[in-house]
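To start, the structure itself, in structure tokens.
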There are 4 protein chains.
Amino acid sequence: MARPLSEEKRQALLDAAAEFVANLGTAASTAKIAKAAGVSEGTLFTYFPTKDDLLNQLFLEIETDLTETMLAPYPADDSAKERLFAVWNRLIDWGLAHATARKALRQLKVSDRVTVESRNRCHFMQRDARTLVEECLAGHAAPGRIAFYIDTILFDLADISINAVTAKPQESDAIRQAGFDLFWKGSAA
Amino acid sequence: MARPLSEEKRQALLDAAAEFVANLGTAASTAKIAKAAGVSEGTLFTYFPTKDDLLNQLFLEIETDLTETMLAPYPADDSAKERLFAVWNRLIDWGLAHATARKALRQLKVSDRVTVESRNRCHFMQRDARTLVEECLAGHAAPGRIAFYIDTILFDLADISINAVTAKPQESDAIRQAGFDLFWKGSAA
Amino acid sequence: MARPLSEEKRQALLDAAAEFVANLGTAASTAKIAKAAGVSEGTLFTYFPTKDDLLNQLFLEIETDLTETMLAPYPADDSAKERLFAVWNRLIDWGLAHATARKALRQLKVSDRVTVESRNRCHFMQRDARTLVEECLAGHAAPGRIAFYIDTILFDLADISINAVTAKPQESDAIRQAGFDLFWKGSAA
Amino acid sequence: MARPLSEEKRQALLDAAAEFVANLGTAASTAKIAKAAGVSEGTLFTYFPTKDDLLNQLFLEIETDLTETMLAPYPADDSAKERLFAVWNRLIDWGLAHATARKALRQLKVSDRVTVESRNRCHFMQRDARTLVEECLAGHAAPGRIAFYIDTILFDLADISINAVTAKPQESDAIRQAGFDLFWKGSAA
DNA sequence: TATGAATGAGATTTCATTCAT
DNA sequence: GATGAATGAAATCTCATTCAT
């Protein structure tokens, strides 16, 4: 069965793409990405039929990673607040640990080369994560606003907070706490 | 002799650039922008020596407009909360009224073609706006967190809220209020 | 040990090639041809060392088929005219029955990827067919022009007539007859 | 009004295209064509927005030239046959004088990159030429077959004859006459 | 023998910028 | 100053062919 497609190469391409997209946006050239991944220009297209495919796969890969991170088991916490804080910290930690992926994601989110379908698929994938947060907010926030808090605020607020931590790493804990406090107190019924 | 360049053409170029950058990002071509502005390809470069210049000027122009909107006189309100709510509403209203400019701004903010210098200049330009908010938050928020709330949270939260309003215009008032509540309650000491 | 290459696959490749060359000319890609033939890209090259080989083989295969069709036994006719009309009808029938092959042949004939050697070999192969026609024309056409009528006119005129029949199938018989009449009367001494 | 498009360059591009298409078919590369025309690769696309445009323009240009050649004034001849022979000679002469254009035309005719619209436009353009021939054939050929003789046979027969003349230039006159005789006698009612 | 991943040259097209008019 | 033709580097993608499996 000839040489099989190498998962290693696929990953190297996605990694290289993340790196370049983070800095150059979707204008990052396939030639540079292929070279950085250590494969020839043509090979990129055996793994991703078009550049847009590569970008969309990259988008989904990063979002998947973030979602899985959020859903990894949590210690059995007592209070809803503590559970949500754990989630919040996961978000912040992920962002700090995946600075490049996060930058790439920002670029991809504003690009119309990431299709509506990719965005929808991503939204669907995150339904468990949303449920997780929902359970933490039930009984705390006004029921009519919970959807707004989750879909609109939480992730972006985390994003903002990560930016702030990245800019001032020495104030990491304070910012992390301030961001969470804002969300928790702000969302109280 | 005064500058013989036509302010009208300059503005037409910036407007056209906003339109295209909003949709295509910084990949928008100078040829298309020039055509949409009703001038020739070459003329664009007599007004903006390079494409990066155009992009940076566009960035500054939009931020300037937003800042001036925020600083326009407010009715003498009693409470800090009411004053801040007025500011908040200005932000939301501006965003709704300048959808294209806002989309362009999002693209520009994530592009490294907008220089650090432009970003700094913008930050400096907004010092009065920050002071305005600072005065509203003094006595309400914890002093140590005020800078964080202003520099990091407020504008991005407004941005997020505008997105939400744009997505569901019929819930405009509710979202507007929910966003403000979150910020106000969340930032309380 | 006999040749282990599968004649079946070879034929599938030639058939697929005919199909694609008919529509895309010699720009038809080996990958598409292989896929349509149900074999892998690499396998094509075990049957035909280069793409040019494939094209030349295809050319020869089609011409061979056409030639054999012409040479299949004829009913013992009386007149030379009737015999030639039978040949003529064979040509037309073959063209109608092998539309794809004919289209492919047209493309191949104008391509310089079909070598002079292939063309010569083809010419040599058709010597019996030419003799057949020669015998029909002897005593009818001027001796000095017979070669011209056969080598230059007859096949191309048949080709033209097939085109016309294909374009207006309902007038098939009329066109067929008109074409033959033109040749027969036109070639009379 | 800046530099105007240069008719000279446009023509150089078409000439270079004819040259390469004649030999390589539509696979002739735009880079080679541009270089041969003495302009940069990019310039080709200011004159022809796509390669297909170039090919279609080339097709139309050659057909136009051929048509105009056919329609140039003829000496007032007596007989229909003499008039038609004059037309025939024009066709042959044109083909001999424009060997490259003729080869290019053959390639273009079998390519599906030349659109139906171009072919239709060409057919429309040649209506006067068809009328000219029609008048020669009226009273000579069977009325029901005249369309067939003109639309299908005449031009292709001339093409065939030119091929033959090109292959054996020393027999030019004989072939020329033989071809015409075939058509004239063959088309007699 | 069969497979299909890998390759890199080459194809078409776009684009920021220059410069003749 | 305004124009838009000219440029050639660079971008995405295709393809015949090779070769590890």
Side-chain angles (χ1 to χ4, degrees), chain A residues 1-6 9-10 24 26-35 38-55, chain B residues 3-6 9 26-35 38-55, chain C residues 3-6 9 26-35 38-55 113, chain D residues 1-6 9-10 24 26-35 38-54:
Chain A
M1 191 209 337
R3 230 171 310 188
L5 280 173
S6 140
K9 274 179 193 155
R10 202 189 105 95
L24 305 175
T26 58
S29 85
T30 52
K32 277 181 193 156
I33 292 169
K35 194 175 180 185
V39 302
S40 76
E41 294 183 39
T43 296
L44 185 149
F45 292 95
T46 69
Y47 286 83
F48 304 95
T50 66
K51 184 180 177 184
D52 279 6
D53 276 298
L54 170 61
L55 295 173
Chain B
R3 118 186 86 158
L5 288 174
S6 140
K9 277 180 190 162
T26 59
S29 83
T30 52
K32 277 183 192 154
I33 292 170
K35 191 176 180 187
V39 304
S40 73
E41 296 178 44
T43 296
L44 186 150
F45 291 92
T46 69
Y47 287 82
F48 305 94
T50 68
K51 185 182 177 182
D52 280 7
D53 277 299
L54 171 60
L55 294 174
Chain C
R3 115 187 89 157
L5 288 174
S6 139
K9 277 181 191 162
T26 59
S29 83
T30 52
K32 276 182 193 154
I33 292 169
K35 191 176 180 187
V39 305
S40 74
E41 295 178 44
T43 297
L44 186 151
F45 291 93
T46 69
Y47 286 83
F48 305 95
T50 68
K51 184 182 177 182
D52 280 7
D53 277 300
L54 170 60
L55 294 174
R113 304 182 74 156
Chain D
M1 191 210 335
R3 230 172 310 188
L5 280 172
S6 141
K9 276 179 191 155
R10 203 189 104 94
L24 304 175
T26 58
S29 86
T30 52
K32 277 181 193 156
I33 292 169
K35 193 174 181 186
V39 302
S40 75
E41 294 183 41
T43 296
L44 185 150
F45 292 93
T46 69
Y47 286 82
F48 305 95
T50 66
K51 184 181 177 183
D52 279 7
D53 276 298
L54 170 60

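The model shown is predicted, which means the values in this text are computed figures rather than measured ones.
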Take B/Phe48 and B/Thr30 through the side-chain contact (heavy atoms from CB on, under 4.5 Å) test and state the conclusion after the steps. CA-CA 11 Å; B/Phe48 305 94; B/Thr30 52; over 6 Å; no

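When each of D/Asp52 and A/Leu5 is assigned the nucleotide of DNA chain E with its nearest heavy atom, A/Leu5 is the one assigned upstream, toward the 5' end. Projected onto DNA chain F by closest heavy-atom contact, A/Ala28 and C/Thr26 fall at different nucleotides, the more 5' of which corresponds to A/Ala28. Taking for each of A/Thr30 and B/Gly38 the nucleotide of DNA chain F with the nearest heavy atom, the 5'-most of the two is the partner of B/Gly38. Between B/Pro49 and C/Gly42, the residue anchored closer to the 5' end of DNA chain E is C/Gly42, taking for each the nucleotide with the nearest heavy atom.
Of all nucleotides present, only E/dT3 satisfies the Watson-Crick or G-U wobble test against F/dA20, with each distance under 3.5 Å. Across all strands shown, F/dA9 forms a Watson-Crick or G-U wobble pair with E/dT14, both key distances being under 3.5 Å.
Of the candidates E/dA6, F/dT3, F/dT7, F/dT7 carries the atom nearest the D/Val39 side chain, counting heavy atoms from C-beta on. Which of E/dT7, E/dA6, F/dT12 sits closest to the side chain of A/Glu41 comes down to F/dT12. Each of F/dT21, F/dC13, E/dT13 was ranked by its minimum atom distance to the side chain of D/Thr50; first place goes to E/dT13. Distance from the side chain of A/Phe45 is smallest for F/dT12 among the nucleotides E/dA11, F/dT12, F/dA11.
Smallest separation of non-hydrogen atoms from C/Ala34 and C/Glu41: CB-CA, 3.9 Å. What you find for B/Lys51 and B/Phe45 is that their closest heavy atoms are N-CE2, 4.2 Å. For A/Leu24 against A/Lys32, the heavy-atom pair with the smallest separation is CD1-NZ, 4.3 Å.
Between D/Thr43 and the phosphate of F/dA5, there is no side-chain N or O to OP1/OP2 separation shorter than 4.0 Å. Put simply, A/Ser40 has no side-chain N or O that comes within less than 4.0 Å of OP1 or OP2 on E/dA6. At least one side-chain nitrogen or oxygen of C/Tyr47 sits closer than 4.0 Å to the OP1 or OP2 atom of E/dA2.
Using modelled atom types and a 3.5 Å distance limit, the side chains of D/Thr43 and D/Ser40 yield a donor-acceptor pair.
Looking at heavy atoms from C-beta onward, D/Ile33 lies in side-chain contact with D/Leu54 at the 4.5 angstrom threshold.
Looking at heavy-atom distances under 4.0 Å, B/Lys9 makes contact with sugar-phosphate atoms alone, never a base. Residue contacts shown for D/Ser29 are limited to sugar-phosphate atoms, with no base heavy atom under 4.0 Å away. Counting non-hydrogen atoms under 4.0 angstrom, D/Ala34 reaches nothing in the nucleic acid.
Note: NZ (C/Lys51) to C1' (F/dT18) measures 17 Å, nearest angstrom. What separates NZ of A/Lys32 from C1' of E/dG8 is a distance of 19 Å, to the nearest Å. Distance, C/Lys35 NZ to F/dT14 C1': 15 Å, rounded to whole Å. What separates CZ of A/Arg3 from C1' of E/dA5 is a distance of 5 Å, to the nearest Å. One interatomic measurement links the two molecules: CG of B/Leu44 to C1' of F/dG1, which rounds to 14 Å at whole-angstrom precision. Protein atom CG of A/Leu55 is 12 Å distant from nucleotide atom C1' of F/dT12, rounded to whole Å. Counting to the nearest Å, the C1' atom of E/dA5 and the CZ atom of A/Phe48 are 14 Å from each other. Counting to the nearest Å, the P atom of F/dA5 and the CZ atom of D/Arg10 are 14 Å from each other.
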